[in-house]
Every structure is written in structure tokens, then in C-alpha cells.
Amino acid sequence: MIQALRGTRDILPEEVGYWQLIEATAREILTRALYQEIRPPIFEQTSLFERGIGEATDIVGKEMYTFKDRGDRSLTLRPEGTAGVVRSYITNKLFSQGVQRLWYTGAMFRYERPQAGRQRQFHQIGLELLGSGAPRADVEVIAIATDILQALGLRNLTLDINSVGRGEDRQRYREALVQYLEPYKAELDKDSQERLTRNPLRILDSKDEKTQAIAQDAPKIIDHLSDESKQHFDTVLQLLTDLSIPYNINHCLVRGLDYYTHTAFEIKSDELGSQATVCGGGRYDGLVAELGGPETQAIGWGMGMERLVLLLQQLQQPPVTPPDFYLVSRGVIPEAQGLVLAQKLRSAGFIVELDLSGSAFGKQFKRADRSGAVACIVLGDAEAENKTVGLKWLASGEQEAIAQTDLLANTEALRSKIAQIRN
Ligand code: ATP
Ligand code: MG
């Protein structure tokens, strides 16, 4: 038997309602702020991710699905969305069209140890705002993220925020940090010991407890920011306050790469165990130029959809769409008329479930009751002969005979009656 690969899973119809709810909610909120959807390819040249995410990161170092195609090119399945969107922005010269507000959704691939909320094929919704360095841009994207999470009904989320300043700020900070960490070297976890020379800022977000305790008392990057960087950060915090978005300054939230600038943030849930981060993002004013485009200020975030689904599952039953009509029919001519009627009602906008079983009426009626339909349409030999249907309102049991033509002529009245019963 062929099984789904480790770290992948089937999203079955019973769960897919959650996904559709997340997508519809995000799409609506993004559209109101004039973000436009972009759909870059799922695989790209490996070098895009090496340069765009950084060789020193876990993603590039050990998580990428990289392979040679038949033309001996090195390709990689996208591990995240930003690099592809930025590549597309450059390739298609979107920078010549002013500020670009873009969003995407889809599967991402990382070779990780699968756990709840951590898979090898997972899904993100993300956005990128390219062409503005204004603190208002930072806060707009954060506000959109919090709006989406709030519209989904998610609570107990916290926004962690920090500033990593600019390259010069980090250079200054790096020296102070290494000076502080050096005496603790032997107590740091193995990865962190290596990072001490290569990428010391990343030690701050180590998941090792002992390292975390040491990092708690490390010098803080915000004390090493230039006046200009500090001003940017202070404005971002003030604007968050203006929007009544609570935040927590997390001095250990860093991104170690040169093209990350200023704001870094994460939104976490305290209901997800160790896979707590549902949204991660930040400003990356150096990335577009790093990938060969013009100097462009930009900021974005990515949200993990599996983690959102896990949270929604704790809150509510999966959204389902019950039928307006359940159509019961039996006999060659009634069944044929039933199919035609079902299609006409569907064209008129109704949700119609057609019983295909051909079984006894009693069995079909039972299924009609279980279906959650508002009304049952019945077609037997007598109805077919007279071109009528039996229309039974399932909640009240009220029943009427009605000409098929009248049924189709009075769709507005039917629609309002169904809406009334549903409410
Ligand atoms: P983590 O620390 O959990 O590994 P990350 O820093 O690698 O997260 P990002 O690259 O910032 O994550 O991706 C943004 C979001 O995508 C994460 O906050 C998370 O919600 C989700 N995500 C990342 N990796 C996975 C994965 N393997 N499976 C499911 N969701 C993921
Ligand atoms: Mg990760």
C-alpha cells in the first residue's frame, strides 16, 4: 500500500471548511487594503533561496528540498514565499509601478522533524509590501495580520516585536554581544557555540533553555541603534498604540541576516505547545537589491495555516454548507426529471443534494432528514406524470404539491423563506 509521505497529510473534506474559512477571511481583509494576489512558481533555482534566505539559516542549511532536474539544473521547492515574490517583483519590473501590495498562499516545503503544527509540506498565507520604508507600512502589515486573526475569532495571541536596526547598528551590537557571550561559551548549546563567530545574533533565538537563560541578560540591540533606527522603532510602537494593538518588546527576537532591517515581529499563541508562532515577519530593506533589483524598502509576513487550523479546531465545529433542498426521486422518469430540476435549481443559486440511490422512498427521506436540508423535494411517478413535485419543509413537516414550473418561477420567494427558516 502506498502511504502519504512523512510530514505530508491529506486535508480531507471534513477539515477543508477550516481552510476555506481562513482563505476567505484573509482574502477579504487583504482586498479591503488593496493587496493583490500573486502566484509565483512553486520551484525556483536553488540559488534564489540561498541568496534570498541566507546560507547561514536553518532553512538553507538543512531544510530545503533541493534536486537536480533532467537538465542538470539545481532546483528547490520553495521553503517560504518571500524570495519568490521578490524574484517576481524584479523579473516583471513591478518596481516601476509604485508601491506594490502583494499577497500569496500555498504549499511550502521544508525537511523538518514532523510534529503537531510542523510538517514537511505545509501552507502559508503571506503578504509583502514593497516600495515603502515608512513606519506606517510596518504597522499596516501588522494590523492586517491581527485583523485576520481576530476575524477568525482567535484569542490569547501575543505580538512580540523588536528592531534589528540597520547593518551598521548590528555591526556595533554584534561586538557587544560577542564580548558578553564569550565567557559563557562552554555553557552554550553546540549550534550556538558555532554561531558565536559566524552569526552571533542567532544565538538569541536558540531554543536551548540554558542558552536562553544566558541570552536573557545579554546586551539589548535597541540600546545599540542609531538615532534614526530608534526613531523608526519608536514611531512603529506609537502607531501600534494608536491602533490599540498590544505588543511586547522581545529583545531576543532577531534576524541575523544583513538584508533584514528595523522591525521584526512574531505573533504567538499560548495554545499551541512548542509550535507557538502563527505569524512571523519583518522589514527587509536590503533583499531586493541583494537579489539584483533596485534598492527597495519592503516588509512582509507569513502565517502558518496548519497552526491556524489547529487553533480553530479548538474553538468551533468545522464550517459546513448544508443543502437548501434534498431531492428524492424514484423511477426512470421521475429520476430523469429530478436531475433536470436539480440542475435548474442549482443554476438559480440553490444548494441542492440529489439522492442518487434509487432506493425506497423511506430510506431517501431518512437521508434527507440527516442532510441538514431546509426542504425536501419529492418526485414519484404521480408527480412526474403531472409535472409537479412534493415540497416538504423539514423543520415544520408542512407539505405542499407545487407545479415544477411554479417552483422555478418563484425562486425569490423560496430564497427568502429558506433564509427565514435558517435564521
Ligand atoms: P519555527 O520557529 O516554528 O520553525 P520559522 O521561524 O521557521 O518557524 P517562518 O519561516 O517565519 O517560521 O514561517 C512563518 C510561519 O510559517 C511560522 O510562524 C509558522 O507558523 C509557519 N511554519 C514554518 N515552518 C512550518 C512547518 N514546518 N510546518 C508548519 N508550519 C510552519
Ligand atoms: Mg523553522
Side-chain angles (χ1 to χ4, degrees), residues 4-9 11 15 18-19 22 26 49-50 52-54 56-65 76-86 103-128 141-142 144-146 148-149 152 154 157-162 164 191-192 199 201-208 211-212 250 252-257 259-260 263-284 287 299-313:
L5 290 169
R6 186 167 142 80
T8 71
R9 55 189 290 278
I11 298 162
E15 184 189 315
Y18 291 115
W19 292 79
I22 294 167
F49 302 113
E50 287 170 347
I53 301 170
T57 59
D58 284 350
I59 295 180
V60 174
K62 51 191 184 195
E63 294 175 0
M64 291 206 303
Y65 277 92
T76 295
L77 300 182
R78 63 181 181 196
E80 53 96 60
T82 304
V85 171
V86 170
W103 70 275
Y104 58 84
T105 184
M108 310 288 159
F109 305 85
R110 297 184 193 177
Y111 193 78
E112 303 200 63
R113 193 168 68 79
Q115 305 157 61
R118 187 176 299 285
Q119 291 176 213
R120 292 182 175 171
Q121 175 176 330
F122 65 101
H123 301 78
Q124 286 184 343
I125 282 187
L127 67 70
E128 315 295 344
V141 304
I142 293 171
I144 288 172
T146 58
I148 292 171
L149 297 167
L152 288 169
L154 304 181
L157 299 168
T158 49
L159 166 65
D160 275 15
I161 192 165
N162 197 16
V164 298
D191 282 347
S192 295
N199 198 348
L201 267 68
R202 294 256 343 266
I203 296 174
L204 295 175
D205 67 8
S206 163
K207 297 204 162 106
D208 180 81
T211 304
Q212 278 179 355
N250 177 349
C252 290
L253 181 59
V254 288
R255 289 158 182 262
L257 298 167
Y259 43 73
Y260 288 117
T263 311
F265 64 95
E266 280 185 0
I267 301 174
K268 292 184 189 164
S269 163
D270 52 18
E271 288 157 12
L272 279 174
S274 49
Q275 271 61 250
T277 309
V278 294
C279 179
R283 184 165 273 291
Y284 51 88
L287 180 58
I299 183 162
W301 51 250
M303 259 184 215
M305 295 178 74
E306 277 75 7
R307 296 181 194 181
L308 296 181
V309 170
L310 287 171
L311 288 173
L312 281 174
Q313 282 172 330

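Quick note: residue numbers are just sequence positions, from 1. In listed order, ligands and their atoms are each counted from 1.
- A donor-acceptor pair under 3.5 Å is absent between the side-chain atoms of Tyr18 and the main chain of Leu310, judged by distance alone.
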With the criterion set at N/O pairs under 3.5 Å, what does the list of contacts between the protein and ligand 1 look like, atom names and distances included?
unit_1, atom_1, unit_2, atom_2, d
ligand 1, 2 (O), Lys207, NZ, 3.1
ligand 1, 3 (O), Arg118, NH2, 2.9
ligand 1, 3 (O), Arg307, NH1, 3.1
ligand 1, 3 (O), Arg307, NH2, 3.2
ligand 1, 4 (O), Arg118, NH1, 2.8
ligand 1, 4 (O), Arg118, NH2, 3.3
ligand 1, 7 (O), Arg110, NH1, 2.9
ligand 1, 10 (O), Arg110, NH1, 3.2
ligand 1, 10 (O), Arg110, NH2, 2.8
ligand 1, 13 (O), Gln124, NE2, 3.1
ligand 1, 16 (O), Gln124, NE2, 3.0
ligand 1, 18 (O), Thr277, O, 3.2
ligand 1, 20 (O), Thr277, O, 2.8
ligand 1, 20 (O), Gly304, N, 3.3
ligand 1, 24 (N), Arg110, NH1, 3.4
ligand 1, 27 (N), Glu112, OE2, 2.6
ligand 1, 27 (N), Gln119, O, 2.8
ligand 1, 28 (N), Gln119, N, 3.0

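- Residues Asp58 and Arg202 are paired through a salt bridge, judged by an N-O separation under 4.0 Å between the basic side chain and the carboxylate.
- Applying the salt bridge (Lys or Arg N to Asp or Glu O under 4.0 Å) definition to pairs two or more places apart or across chains, those involving residues 116-125 are Glu112-Arg118.
- In this structure, Thr105 contributes its side chain and Gln124 its backbone to a donor-acceptor pair below 3.5 Å.
- What you find for Tyr284 and Gly300 is that their closest heavy atoms are CE2-N, 3.6 Å.
- A pairwise comparison of heavy atoms in Tyr259 and Leu287 identifies CB-N, 3.4 Å as the closest pair.
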